*Asks:* 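Below: one structure in structure tokens.
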8 protein chains.
Amino acid sequence: MTENVKVPPFENLDFACVDHDRAIRQGVGEVIFAPGKTADQIVSIAQNLLQSQSFALATRVSEDQYEEAKSLFDQVHYFKTAKIMRFGAMSNKKLDFSCGVLSAGTSDIPVAEEAAVFLEHYGVQVSRVFDVGVAGIHRLLARVDEFNTCNAVIVVAGMDGALPSVVGGLLACPVIAVPTSIGYGTAFGGITALMTMLNSCASGVAVVNIDNGFGAAMAVLRQCNQLK
Amino acid sequence: MTENVKVPPFENLDFACVDHDRAIRQGVGEVIFAPGKTADQIVSIAQNLLQSQSFALATRVSEDQYEEAKSLFDQVHYFKTAKIMRFGAMSNKKLDFSCGVLSAGTSDIPVAEEAAVFLEHYGVQVSRVFDVGVAGIHRLLARVDEFNTCNAVIVVAGMDGALPSVVGGLLACPVIAVPTSIGYGTAFGGITALMTMLNSCASGVAVVNIDNGFGAAMAVLRQCNQLK
Amino acid sequence: MTENVKVPPFENLDFACVDHDRAIRQGVGEVIFAPGKTADQIVSIAQNLLQSQSFALATRVSEDQYEEAKSLFDQVHYFKTAKIMRFGAMSNKKLDFSCGVLSAGTSDIPVAEEAAVFLEHYGVQVSRVFDVGVAGIHRLLARVDEFNTCNAVIVVAGMDGALPSVVGGLLACPVIAVPTSIGYGTAFGGITALMTMLNSCASGVAVVNIDNGFGAAMAVLRQCNQLK
Amino acid sequence: MTENVKVPPFENLDFACVDHDRAIRQGVGEVIFAPGKTADQIVSIAQNLLQSQSFALATRVSEDQYEEAKSLFDQVHYFKTAKIMRFGAMSNKKLDFSCGVLSAGTSDIPVAEEAAVFLEHYGVQVSRVFDVGVAGIHRLLARVDEFNTCNAVIVVAGMDGALPSVVGGLLACPVIAVPTSIGYGTAFGGITALMTMLNSCASGVAVVNIDNGFGAAMAVLRQCNQLK
Amino acid sequence: MTENVKVPPFENLDFACVDHDRAIRQGVGEVIFAPGKTADQIVSIAQNLLQSQSFALATRVSEDQYEEAKSLFDQVHYFKTAKIMRFGAMSNKKLDFSCGVLSAGTSDIPVAEEAAVFLEHYGVQVSRVFDVGVAGIHRLLARVDEFNTCNAVIVVAGMDGALPSVVGGLLACPVIAVPTSIGYGTAFGGITALMTMLNSCASGVAVVNIDNGFGAAMAVLRQCNQLK
Amino acid sequence: MTENVKVPPFENLDFACVDHDRAIRQGVGEVIFAPGKTADQIVSIAQNLLQSQSFALATRVSEDQYEEAKSLFDQVHYFKTAKIMRFGAMSNKKLDFSCGVLSAGTSDIPVAEEAAVFLEHYGVQVSRVFDVGVAGIHRLLARVDEFNTCNAVIVVAGMDGALPSVVGGLLACPVIAVPTSIGYGTAFGGITALMTMLNSCASGVAVVNIDNGFGAAMAVLRQCNQLK
Amino acid sequence: MTENVKVPPFENLDFACVDHDRAIRQGVGEVIFAPGKTADQIVSIAQNLLQSQSFALATRVSEDQYEEAKSLFDQVHYFKTAKIMRFGAMSNKKLDFSCGVLSAGTSDIPVAEEAAVFLEHYGVQVSRVFDVGVAGIHRLLARVDEFNTCNAVIVVAGMDGALPSVVGGLLACPVIAVPTSIGYGTAFGGITALMTMLNSCASGVAVVNIDNGFGAAMAVLRQCNQLK
Amino acid sequence: MTENVKVPPFENLDFACVDHDRAIRQGVGEVIFAPGKTADQIVSIAQNLLQSQSFALATRVSEDQYEEAKSLFDQVHYFKTAKIMRFGAMSNKKLDFSCGVLSAGTSDIPVAEEAAVFLEHYGVQVSRVFDVGVAGIHRLLARVDEFNTCNAVIVVAGMDGALPSVVGGLLACPVIAVPTSIGYGTAFGGITALMTMLNSCASGVAVVNIDNGFGAAMAVLRQCNQLK
């Protein structure tokens with residue numbers, strides 16, 4: 001019963017093992033998580049990744065990191081609300097796959113944009129529907145047509161986190177819920193919204209970490225991989 | 001600036017200080033919390049209260065406590081789902097005040113009934129609307145007429161606790177939210193529903209303790225006191 | 001059993017769906033939650049709301065947001081302690097409804113003021129009774145006359161959050177308890193006071209989120225809607 | 001901007017609003033959550049659902065509930081490990097969609113089976129791979145062929161909840177992680193596994209509530225709805 | 001700077017190191033904590049202790065443990081409400097020291113009795129004042145004379161745990177607060193009362209563990225040791 | 001049974017009800033909690049208190065608050081480590097009462113000093129024994145003589161909070177344990193130390209809030225009141 | 001950079017993947033965790049393991065499981081306090097390695113015995129030192145000679161969990177701390193002891209899960225593997 | 001049974017009791033924890049320690065503290081990533097003992113370096129293997145040869161904290177797991193990683209406090225003490 005397992009390629013920089021095989025294994029290449037990294041380190045990893053991919057993305061990039069990276073590398077683009085930085089050129093890929101990105105409030109938009117911008121880089125058609133929280137349920141119902149034919153929906157909400165329960169009950173497609181840290185007091189930095197979503201009375205709603213728009217986009221891209 | 005404060009009447013039983021003045025101070029006489037009390041103690045307090053009121057209520061009464069109390073006192077009535085026991089006769093009082101009592105699920109009904117039965121003893125007209133959780137939002141919207149002219153609404157929900165946020169957005173009257181311990185895993189025995197409700201994106205929703213149907217009814221009766 | 005549900009009017013700004021019908025549905029128009037919004041966005045929403053209301057309120061407004069808003073819009077007033085900003089003119093509406101606003105300590109006053117200032121904009125007569133925490137119970141008892149004829153009482157307390165239990169036992173009117181984040185160590189930013197209030201041994205005390213003076217005011221205004 | 005929204009059909013039993021439209025809206029008809037319901041209530045709802053579907057499923061059914069239901073209704077089948085009860089006949093539907101169901105340990109099997117049995121009722125081809133936790137990583141790697149061509153994978157794990165992180169790194173398809181309440185002490189009834197999964201260093205892993213095998217199956221079925 | 005430290009006498013039973021010196025070091029001999037011990041073990045330790053003291057006490061003794069212990073040892077007395085068992089004879093010691101023992105509710109009495117019975121064995125004069133919770137503040141104020149000349153006060157309360165804050169504000173003597181596990185939902189088995197007490201706005205209130213009447217009595221006895 | 005209760009004197013400043021009777025009721029006059037108050041407010045309250053006491057203390061005073069207060073009032077003294085500010089002259093009172101103040105580490109000294117400085121203002125003889133945590137148990141044992149004849153002991157510790165358990169086992173006098181917020185990670189800002197202390201295996205150890213050196217001093221002063 | 005990794009042998013029973021290589025990889029063969037397994041399953045796995053090892057151990061075995069296993073397999077031995085069951089014969093292996101196993105209280109003994117019995121099966125010389133909690137620090141100091149020459153020490157404690165801090169300060173060898181679920185109220189089923197141990201002011205104390213005597217023994221056996 | 005216990009030497013500075021005997025008792029001399037200490041205090045303690053040791057280490061030293069210390073003392077060396085400062089000369093000691101130090105991600109390197117640098121000062125041969133988290137399990141497997149002959153392994157991980165479970169399953173030597181505060185949302189500053197590690201399905205993994213690289217190094221040095 002002893003067998004062999006193949007080890008895919010990676011490269012050992014000093015401070016990071018860059019994973020060149022991830023695009024094959026997971027459908028999306030390695031993404032750079034910017035917090036705690038210097039602009040130097042971000043650019044190094046990006047350059048290394050660009051050897052095997054046409055563009056590389058970094059998430060949670062501060063404006064300072066962007067400014068410094070821009071001085072180190074030519075082809076950098078920064079999405080300010082989404083805090084995403086792209087090295088290299090945008091691809092032209094267009095999938096026959098649409099995804100609604102809903103937010104409960106105005107303050108949840110940055111997290112929603114992280115998901116939306118990320119998806120657009122991989123060819124997903126995104127439909128943004130913002131500020132449709134359940135306290136004015138008519139606003140949501142009036143805009144159902146903007147997202148009810150989508151292949152997946154990402155629902156971003158803070159405070160009471162109730163929106164995915166309602167959306168999950170209206171739609172048959174995958175619903176990925178993203179709690180945000182918006183709120184105060186017992187919002188507990190997103191824990192309340194997270195718990196609400198995990199207990200959604202609409203069944204089959206799947207959840208990612210607080211403020212994790214990127215994770216939600218990745219969950220949807222995993223679904224896209226199956227459509228191809 | 002030294003003044004005197006009047007001390008209202010009470011009676012010191014061995015194990016309890018019965019408060020004969022509470023009906024005047026709070027609009028509703030002292031209510032017996034049954035858990036941890038013997039049937040004997042419950043009946044003693046009830047008899048003491050019946051000296052100054054026409055009926056006395058006990059909450060969270062088990063069937064065993066009821067059976068034993070029935071053998072000790074003649075005029076006892078038991079509301080099985082609500083777990084409320086009444087000593088003495090039902091009053092005929094009818095207030096010009098209606099209250100909707102909504103539940104998100106079937107399992108939340110006992111808590112909703114505790115509120116409803118309690119309110120009916122004080123003359124409130126109760127409108128029960130059960131199993132209208134937000135996963136099937138159309139069920140709620142189709143039944144809005146049953147509660148949107150009420151003077152107050154009590155909304156009982158476990159799991160995601162999202163119903164009060166939607167109801168609070170539909171109505172202008174007071175909304176008292178009651179989280180229930182229904183659910184499993186991260187429902188945390190009602191904590192998740194409680195936190196959802198405290199963070200309701202519909203403003204002015206007030207909340208009581210987990211499974212506290214009685215407390216919600218009392219909050220509504222405090223409002224009734226002002227209408228008289 | 002298939003029916004139609006009417007969708008009330010709202011307006012889709014880019015970053016917000018402004019709810020023009022809320023004053024009808026909830027008795028009070030949409031209120032702007034300032035944190036995380038630019039002064040620009042606040043003013044845009046306010047201007048949009050002023051199309052259908054005579055004044056618009058924003059809560060939790062920083063002095064910086066106020067200064068910038070003032071440069072963008074003429075008729076702005078700022079309540080510094082309450083951190084409330086009003087666009088448009090104060091109304092002259094006076095309701096036959098009074099509300100006590102009590103605070104346990106000096107540090108709880110900003111939250112109490114948020115509630116008080118908000119209520120006054122909708123015509124409620126407010127009676128402020130500050131620094132009457134239970135460690136000096138005589139201070140509270142000596143001032144009972146200032147609030148015991150009110151139609152509702154808002155009780156604001158941090159630290160041990162014990163004041164609403166005592167006040168709830170003295171009065172028959174609705175009592176809305178507001179925990180504050182005042183305290184240190186095991187005050188846990190208001191969680192302890194919140195939990196105390198949810199477990200108030202005075203029955204029928206309803207609770208809102210930590211530091212949520214606005215929510216308490218809204219709960220009282222829901223009650224006012226019934227009196228009209 | 002006032003519009004109408006259609007209300008889909010449902011039926012108001014006394015204790016439940018049965019949702020006849022859910023199969024259309026969500027791809028799967030209403031499922032009966034058995035805990036806290038009497039066998040009578042379960043059978044009533046099932047009979048009502050069988051008016052519009054060929055079979056109805058109940059989850060978390062105890063052996064006692066099954067025994068009683070069997071005496072009330074003819075065509076009942078019970079899946080003992082999965083605790084699922086089916087009313088009516090199994091369908092013959094076979095989708096061109098396969099789903100791996102992995103468990104980290106032997107004790108996680110009941111939750112894994114709840115997911116697997118549920119999926120099989122809707123035509124999904126299930127590949128069970130049990131007891132492949134990361135403490136013996138070779139066991140997982142040796143069996144990769146059993147699940148790496150699936151269209152989705154459900155990963156069930158208690159204790160450290162680490163399995164989805166490894167699986168998510170190996171595969172490009174959707175990965176739904178289910179924490180279980182298996183473990184003791186700081187396993188905290190599944191909270192630790194849940195938190196591990198929400199923080200999975202493999203991106204795009206989506207999570208459902210503790211022990212919620214049914215929810216994971218529903219998340220996968222939402223994906224199936226898009227493939228048809 | 002190397003010195004020697006004296007080791008006081010103790011005896012190593014197989015399962016316990018009995019501490020014969022504790023009465024000297026701490027003023028009260030070793031007390032047997034009954035849960036998890038067999039009646040046999042309890043009696044063995046008691047017999048060992050009776051070699052150096054005239055009586056020995058065990059706390060949290062179940063009725064079963066008492067029944068069995070009674071069959072193994074002659075001179076045993078059981079205090080049913082307090083769940084205390086005494087081996088040997090009551091002492092006649094009477095200290096010139098009085099302690100009030102207050103309870104907020106009827107259900108808190110067992111914990112209060114554990115403290116009271118314990119104190120009485122060491123000669124303290126105990127004044128019991130039960131069911132004087134703050135929801136009926138007049139009941140407390142009317143009975144102030146029963147405890148305001150005491151040398152110390154133990155205040156026992158569950159639910160909101162607010163009583164010590166009021167009592168601490170009325171008295172100059174030491175106040176030991178004991179939270180109890182009475183309550184439901186967010187009472188969290190006494191955690192809420194504990195947190196309230198630790199945040200008491202009356203200063204100098206000291207707190208012991210939940211339901212720890214014995215610990216409160218010991219804290220008072222430490223004070224007695226100083227008076228001798 | 002209706003009685004009268006006397007209301008002691010207090011004064012209603014705008015933002016505070018100053019309690020002139022507290023020195024009589026609690027043995028120590030009202031103490032000003034500085035955080036969140038302006039230097040102006042602190043000085044106003046102090047001046048008001050100095051009408052009935054010879055000095056007034058404020059706790060948790062920042063250096064900025066002190067600098068500003070010094071410019072507003074002549075007789076101010078600041079204890080930098082203890083963060084205590086005194087208005088008026090030090091009293092000469094010397095009680096026949098000594099209190100040990102122990103700290104587990106160097107970083108716990110500010111909290112220990114808050115207790116020590118406070119006690120010294122009321123005539124208590126303080127014995128400071130710092131940096132004697134249990135990881136070097138010999139350091140504690142070698143210094144036992146410095147505190148084992150005291151009338152009370154305050155034990156201040158962060159991190160594991162284990163020191164009071166050892167000290168409580170060595171001494172017969174009252175032991176007041178003060179958890180501090182020193183530590184990192186799972187020290188949880190003092191919660192771990194607090195919980196350790198509440199579960200002290202030495203019985204009769206009483207506990208106050210995290211970092212609450214003042215509260216511990218007040219608990220000891222309550223004991224002093226009985227000695228007089 | 002693509003390489004191959006060898007997969008060690010294991011066997012796929014239906015409900016378990018038995019790991020025959022673990023004794024080589026980890027020094028100790030697979031151990032059966034009994035809870036949630038039938039006696040049948042336990043015996044099957046044990047028999048499978050006995051193909052490659054001379055004995056097999058199961059932990060947390062109930063007396064019922066033992067009774068049933070005994071009827072299915074001949075050579076079974078049960079350690080009642082430790083709740084360990086051995087299949088096959090005890091080995092005669094004796095290592096030149098000694099381990100102290102200390103417990104703070106009598107109630108912690110079952111966890112201590114799980115560690116001790118386990119170690120003895122692998123040839124470790126165990127020194128048991130029970131009931132030496134820090135409230136009587138002299139008991140610990142007087143018995144230091146029984147464990148201060150050991151190669152490792154396991155320290156088992158519930159309640160305040162303070163013992164490892166003191167022991168860690170006395171010894172230079174590895175100290176493995178095991179929190180137990182002994183205690184009540186804020187002992188939180190062992191969480192408090194765990195947190196105390198993680199914050200031990202003696203450095204280099206390593207910690208395992210609550211009540212995990214087996215895990216502590218395994219940590220020590222990992223150290224033994226290095227000595228061979 | 002009364003015995004004497006020797007008290008080892010220490011020195012009482014004003015603010016600290018310096019422990020000169022610790023190198024004998026614990027194998028490693030006292031280490032200075034820098035946070036909250038002035039550069040002055042750090043240098044004083046270091047100078048005192050250098051009386052009995054050839055070098056002294058301080059941990060968690062900020063760059064500011066280093067700059068100031070450098071101006072006060074000649075022979076100071078600062079390890080920037082590890083935040084360790086050494087007073088005196090590096091020793092030449094080389095043990096026949098190797099330790100792997102693994103990190104899951106790039107951001108965990110500072111904690112890993114604290115452990116590695118510390119170990120190297122005591123002669124341990126350290127093998128650094130960074131950024132080998134389980135999401136790319138092949139990276140870990142490909143580098144097994146770099147650490148599988150070590151005498152101990154320290155595994156540092158944040159976020160899901162899953163790496164020690166996999167490593168513990170691959171190796172027979174001691175595994176010390178260090179959770180880090182890396183992550184966001186439900187990473188809870190390292191609590192999630194800590195809980196994962198305490199529940200590791202690989203047995204015998206021992207855990208230290210969050211970000212406590214120093215503690216892990218000390219645990220390994222305790223093992224070294226036994227090898228000598």
Side-chain angles (χ1 to χ4, degrees), chain F residues 80-83 100-113 116 127-148 156-163 166-167 169-170 180-193 195-196 211, chain H residues 4-26 28-38 40-42 44-45 59-60 111 114 158 178-182 188-195 197-198 207-216 218:
Chain F
K80 194 173 164 177
T81 306
K83 290 185 177 304
V101 177
L102 283 66
S103 92
T106 298
S107 317
D108 303 316
I109 291 176
V111 176
E113 277 294 323
S127 182
R128 288 164 172 84
V129 184
F130 293 162
D131 198 24
V132 289
V134 302
I137 195 74
H138 59 289
R139 297 183 302 190
L140 177 71
L141 298 177
R143 300 182 66 183
V144 160
D145 289 353
E146 298 179 40
F147 59 83
N148 67 357
V156 181
M159 297 176 66
D160 60 15
L163 186 56
V166 176
V167 172
L170 293 171
T180 74
S181 51
I182 296 303
Y184 57 92
T186 53
F188 294 133
I191 300 176
T192 291
M195 292 307 152
T196 306
D211 290 336
Chain H
N4 285 335
V5 176
K6 257 194 288 186
V7 172
F10 65 92
E11 188 159 348
N12 187 5
L13 305 184
D14 223 18
F15 53 90
C17 286
V18 182
D19 189 350
H20 285 281
D21 186 62
R22 194 170 292 185
I24 292 162
R25 286 197 337 276
Q26 293 184 24
V28 173
E30 191 172 336
V31 175
I32 305 161
F33 183 71
K37 295 205 177 71
T38 64
D40 251 20
Q41 291 178 315
I42 295 171
S44 296
I45 301 177
T59 61
R60 306 200 164 212
V111 175
E114 186 186 57
V178 190
T180 73
S181 51
I182 296 304
F188 293 134
I191 299 176
T192 291
L194 169 67
M195 292 307 152
M197 292 167 178
L198 286 168
V207 186
V208 297
N209 196 1
I210 296 165
D211 290 336
N212 193 2
F214 158 64
M218 284 298 292

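Predicted model only: the values in this text are computed from it and were never measured.
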*Asks:* Between P35(H) and S107(F), what is the shortest heavy-atom contact and its length?
*Replies:*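 Scanning both residues completely, I find the closest heavy atoms to be O-OG, 4.3 Å.
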*Asks:* First locate atom CD1 of I45(H), then atom CG of D131(F), and finally report the distance between them rounded to the nearest 0.5 Å.
*Replies:*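 Reported to 0.5 Å precision, the distance equals 7.5 Å.
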*Asks:* What's the spacing between I210(H) CD1 and T186(F) OG1 if we round to 0.5 Å?
*Replies:*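 Between atom CD1 of I210(H) and atom OG1 of T186(F) there are 5.5 Å.
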*Asks:* Can you tell if the side chain of I191(H) reaches within under 4.5 Å of the side chain of F188(F), non-hydrogen atoms only?
*Replies:*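 In contact.
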*Asks:* Between D211(H) (side chain) and G185(F) (backbone), is there a donor-acceptor pair under 3.5 Å?
*Replies:*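 Flag not set: sc D211(H) to bb G185(F) has no pair under 3.5 Å.
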*Asks:* Using non-hydrogen atoms and a 4.5 Å limit, figure out which bit of R128(F) sits close to chain H: side chain, backbone, both or neither.
*Replies:*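 Neither; nothing under 4.5 Å.
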